[in-house]
> 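My structure is below; once you've seen it, I'll send some questions.
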Amino acid sequence: MTFKPVEICVYGADIICPSCVQLPSSKETYEWLEAALRRKYPDQPFVMTYVDIFAPPADDEAKRKLAQTIVEEDWVYPVVVVEGEVVAGGNPRLKSIYAEMEKYGYRSS
């Protein structure tokens, strides 16, 4: 099966979210999520991107706007986005991320 690899973005910061003091950092969550998805979908490509909410990429308007919204509205982070759809925040649940991936044709091996 050939399909377009989805982009999974993890928005976060080096500073742990005040509501998430006992949880892993945003970068640790990014690494954990990437490893879990690569195990679940080993031969199905996807793109993982980490976006620092305090230093979003200047050349990507959508990522910059979402990062700004997360900061201004005090969202709990990290925030996980699959193909532009926010699917989790704070302590993300794999089940909800897997469900979103499966909407795009991903199947566990």
Side-chain angles (χ1 to χ4, degrees):
M1 173 185 219
T2 304
F3 53 91
K4 175 188 167 282
V6 300
E7 181 181 27
I8 299 111
C9 294
V10 176
Y11 289 77
D14 289 337
I15 301 164
I16 293 179
C17 170
S19 301
C20 306
V21 175
Q22 301 298 324
L23 299 175
S25 72
S26 297
K27 286 194 178 177
E28 289 170 330
T29 299
Y30 167 83
E31 292 165 356
W32 162 80
L33 179 58
E34 182 174 29
L37 291 172
R38 296 224 183 271
R39 280 191 305 275
K40 179 89 169 168
Y41 309 111
D43 298 318
Q44 301 165 70
F46 55 87
V47 177
M48 289 287 299
T49 306
Y50 179 79
V51 178
D52 185 319
I53 58 174
F54 297 111
D59 61 341
D60 190 321
E61 182 72 14
K63 286 181 177 73
R64 198 172 52 70
K65 280 186 174 185
L66 183 55
Q68 182 178 0
T69 299
I70 292 168
V71 171
E72 289 177 356
E73 296 181 8
D74 290 325
W75 288 17
V76 176
Y77 55 87
V79 173
V80 179
V81 176
V82 177
E83 284 296 306
E85 183 74 27
V86 175
V87 294
N91 188 16
R93 302 282 185 243
L94 281 174
K95 191 173 184 177
S96 61
I97 296 166
Y98 290 160
E100 191 66 23
M101 297 286 286
E102 289 169 8
K103 289 180 184 177
Y104 292 92
Y106 288 79
R107 297 289 172 245
S108 66
S109 348

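Here the structure is a predicted model, which is why all the values come from computation and not from measurement.
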> Going by heavy atoms in the side chains, are Val47 and Ile8 under 4.5 Å from each other?
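Not touching, per the 4.5 Å side-chain cut-off.
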
> Out of Glu7, Glu34, Glu31, which residue meets the side-chain contact (heavy atoms from CB on, under 4.5 Å) rule with Met48?
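Among the candidates, only Glu34 passes.
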
> Test your reading of the model: is there a side-chain donor-acceptor pair from Gln44 to the backbone of Arg107, 3.5 Å cut-off?
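Confirmed, Gln44 side chain pairs with Arg107 backbone.
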
> Determine whether Val86 and Val79 make a side-chain contact, defined as any pair of heavy atoms from C-beta on separated by less than 4.5 Å.
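Yes. Closest side-chain heavy atoms under 4.5 Å.
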
> Quick one: closest heavy-atom pair of Val6 and Tyr106, and the distance?
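That closest heavy-atom pairing would be N-OH, 3.0 Å.
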
> Restricting to ring-ring contact (aromatic ring centres under 6.0 Å, His included), what partner residues turn up for Tyr30, sequence neighbours left out?
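Checked Tyr30 against ring-ring contact (aromatic ring centres under 6.0 Å, His included); matches are Tyr50.
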
> Return the CD to OH distance between Glu102 and Tyr41, rounded to the nearest 0.5 Å.
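So the gap between those two atoms works out to 4.0 Å.
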
> Could you tell me which residues satisfy salt bridge (charged side-chain N to carboxylate O under 4.0 Å, His left out) with Glu28, sequence neighbours excluded, listed by chain and number?
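In terms of salt bridge (charged side-chain N to carboxylate O under 4.0 Å, His left out), with neighbours along the sequence ignored, Glu28 is linked to no residue.
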
> Evaluate the side-chain proximity of Val10 to Leu33: yes if any heavy-atom separation is below 4.5 Å, no if none is.
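Contact flag for Leu33/Val10 side chains = yes.
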
> Do Tyr98 and Lys40 come within less than 4.5 Å of each other through their side chains, counting heavy atoms only?
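With C-beta onward as the side chain, the pair touches.
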
> What verdict does the salt bridge (charged side-chain N to carboxylate O under 4.0 Å, His left out) test give for Glu83 and Lys4, after you've listed the backbone C-alpha separation in whole Å, the side-chain angles of each residue and the deciding distance to 0.1 Å?
CA-CA 11 Å; Glu83 284 296 306; Lys4 175 188 167 282; 3.2 Å; yes

> Determine the minimum heavy-atom distance between Cys9 and Lys63, stating which atoms define it.
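Taking every non-hydrogen atom into account, SG-CE, 3.5 Å.
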
> Distance from Tyr11 atom OH to Ile70 atom CD1, nearest 0.5 Å?
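Reported to 0.5 Å precision, the distance equals 6.5 Å.
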
> Distance from Trp75 atom CH2 to Thr69 atom OG1, nearest 0.5 Å?
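Result: 6.0 Å between the selected atoms.
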
> Could you tell me the separation between the OG1 atom of Thr29 and the CG atom of Asn91, rounded to the nearest 0.5 Å?
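So the gap between those two atoms works out to 7.0 Å.
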
> Any side-chain to backbone donor/acceptor pair from Tyr104 onto Pro5? Under 3.5 Å, distance only.
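Checked: no pair found.
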
> Under the rule for side-chain hydrogen bond (donor to acceptor under 3.5 Å, both in side chains), what residues qualify as partners of Lys103, not counting sequence neighbours?
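side-chain hydrogen bond (donor to acceptor under 3.5 Å, both in side chains) check on Lys103 returns Glu100.
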
> To the nearest 0.5 Å, what is the distance between CG on Asp14 and NZ on Lys27?
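Between Asp14 CG and Lys27 NZ, I get 4.5 Å after rounding to 0.5 Å.
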
> On a heavy-atom basis, which atom in Trp32 and which in Pro92 lie closest, and how many Å separate them?
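Between these two residues, the closest heavy atoms are CH2-O, 3.8 Å.
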
> Indicate the atoms forming the closest heavy-atom contact of Pro56 with Ala67, along with that distance.
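In terms of heavy atoms, the two residues are closest at CB-CB, 3.8 Å.
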
> Rounded to the nearest 0.5 Å, how far apart are OG of Ser25 and CD1 of Ile15?
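So the OG of Ser25 and the CD1 of Ile15 are separated by 12.0 Å.
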
